[in-house]
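Quick note on labels: first sequence line is chain A, next is B, and so on, each numbered from 1. Everything quoted here is computed from the prediction, not taken from an experiment.
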Amino acid sequence: MRPTRRRKSLLTLMVTTAALAATAGPAFACGGVFSQNGEVNLTRTTTLAAYADGVEHYVTAFEFAGAGGAFGSIVPLPGVPTSVEEGGEWTLQRLVKEVTPPIKDVFRAEASLAAGAPAPAEVLLETRVGALDLTVLKGGAQAVGQWATDNGFLLTPDAPEILDFYARRSPIFLAARFDAAAVVDKGVSIGDGTPVHITIPTDNPWVPLRILGLGRVKGEQVDADVFVLTEQKPTLLAGQDSAGTTLDRQEPASQSLLTDLRTDKGMDWLPQSMWLSYLKVAAAPSELSYDLAIDATGKGTPSAEAAGLLGSEAGTGGTGGTGGLLGTGGSTGNGTGGNSTGGTGAEDGNTGSALALAGVGAAVVVAVAGGVALAYKRR
Amino acid sequence: MMSGRRTRLAAAVLVGLAGTVGLAGCGGPGADRTVELTVHFSRFSPDHFDVAPGTTVKLVVHNLDPIGHELIIGDAGVHERHEKGTEAYHPPRPGEVSIPAGTTRATTFTFGNTVGERVEFGCHLPGHWAYGMRGVATVA
């Protein structure tokens, strides 16, 4: 096995070990997997998204799961990408290791992701990374769903509603699938991950969590790890009550972590100091009806819309702490409406109430083990 | 106003479908009643309707989703067969029809004479039945 492939597989293994156990669904926080009557399987995806100087970067690793029934992946994006290229190799792996002590030590020794005839989806960008075909689409749920259907994806029955959920917020999606012929040509093996770096200008970073439940049936559970890196403490809002999502850890990111991340491909944007927050998702698909909104401005007002609350009874405004502001210690702060400053509880996330990760110039890195990583930086 | 336009549109569609069905010989001219069903977010609406004993019903299904669906109606054996079956597409024939994304299709079904009989209908594409894409017609 080639060294690079080994590293990618390890990355995926590390992430998926701590994250999604189900193989039929997406094991990442930003993409949903659709089965296809084709030749290959595309399952666990790992993604990093970063934001610096008004540009957000996602690095997503898609894992090849072998032949026999194809899967494609749809990733909701907050904006139109300007580029899609090969991503780094160890960022997510390193983040997982950071919160998994025994493995972290090992890593240190080594070291150093309606009706009628709607307008068709617009293909904004097409590219290939390794054996992976990537297409950036713009369109409503009907258009994107139709595009997926027309292109051989077999969408799960919950797909129409979930696509609609995301399209109302952002009409941008990334569709990915392995090309069977390229898989053979390039010698891709089961478990190999293909990291993809997506650069997206946006002022409003958020992490799609609901799509993790795509294709999941009753009785299954969505498990994921989410890492958030910010220059200062941001405020995180996970749906109305953050059911199934807890903030497990929050602390200044270690210099060794930042150094290791910074040395990965495409990660040199990382500032010298950051806050690390680690969230765990362990929810039934029906519980996971929300996304993770991140306010890195220091105002403490994560967007209810970005959290997927707009239109719901709890979503009373475009911004604000309505709903499940996350805090460490297993508690969830109840926002005070459209102008929450971090929830009604303690603002210190370490003491267990509202998670106050906000700050001007904050940078956020969110990684979902198995998983998505999102990095956000605002200057 | 809007509903009137929709009604006219639906009527126009029905006329077209009736012609198709008639030409295909899959429905027959003898439908006693037409029931219109809508599929949205992989759910039938309505998911229940009553029919008189011995009625031949034309089921018209409007698929508003961006994915394909199907309508299968029949007894438990029919559903079991389709749930385990591998037929990806059903041409319009009595009791079963595939409905491509964003389209309207129709089929017919003749109910029995037993009052109180419940006849299920649903979609057996992978995962759809389990997802809850089903309904019941009751002979009343």
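Remark: the backbone N or O of A:Pro160 is not paired with any side-chain donor or acceptor of B:Ser42 at under 3.5 angstrom. With A:Gln142 contributing its side chain and B:Leu64 its backbone, the two residues share a donor-acceptor pair below 3.5 Å.
The two atoms that bring B:Pro126 and A:Pro157 nearest to each other are O-CD, 4.0 Å, heavy atoms only.
Put simply, CD1 on B:Ile67 and CD on A:Gln146 are 10.5 Å apart, with the number rounded to the nearest 0.5 Å. Taking CG of A:Leu163 as the reference point, atom CG of B:Asp65 lies at 10.0 Å (rounded to 0.5 Å).
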Under 3.5 Å, which donor-acceptor pairs do the side chains of residues 129-140 of chain B form with other protein atoms, sequence neighbours left out?
residue  : atom : partner  : partner atom : Å
B:Arg134 : NE   : B:Trp129 : O            : 3.4
B:Arg134 : NH2  : B:Trp129 : O            : 3.0
B:Thr138 : OG1  : B:His48  : NE2          : 2.9

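For A:Asp150, no part sits under 4.5 Å from any heavy atom of chain B, backbone or side chain.
Here B:Ser45 pairs with nothing under the side chain to side chain contact (heavy atoms under 4.5 Å, CB included) rule; sequence neighbours left out.
By the neighbour-count criterion of 12 heavy atoms within 6.0 Å, atom CZ of B:Arg118 is sparsely surrounded, having that number or fewer from other residues, nucleotides or ligands.
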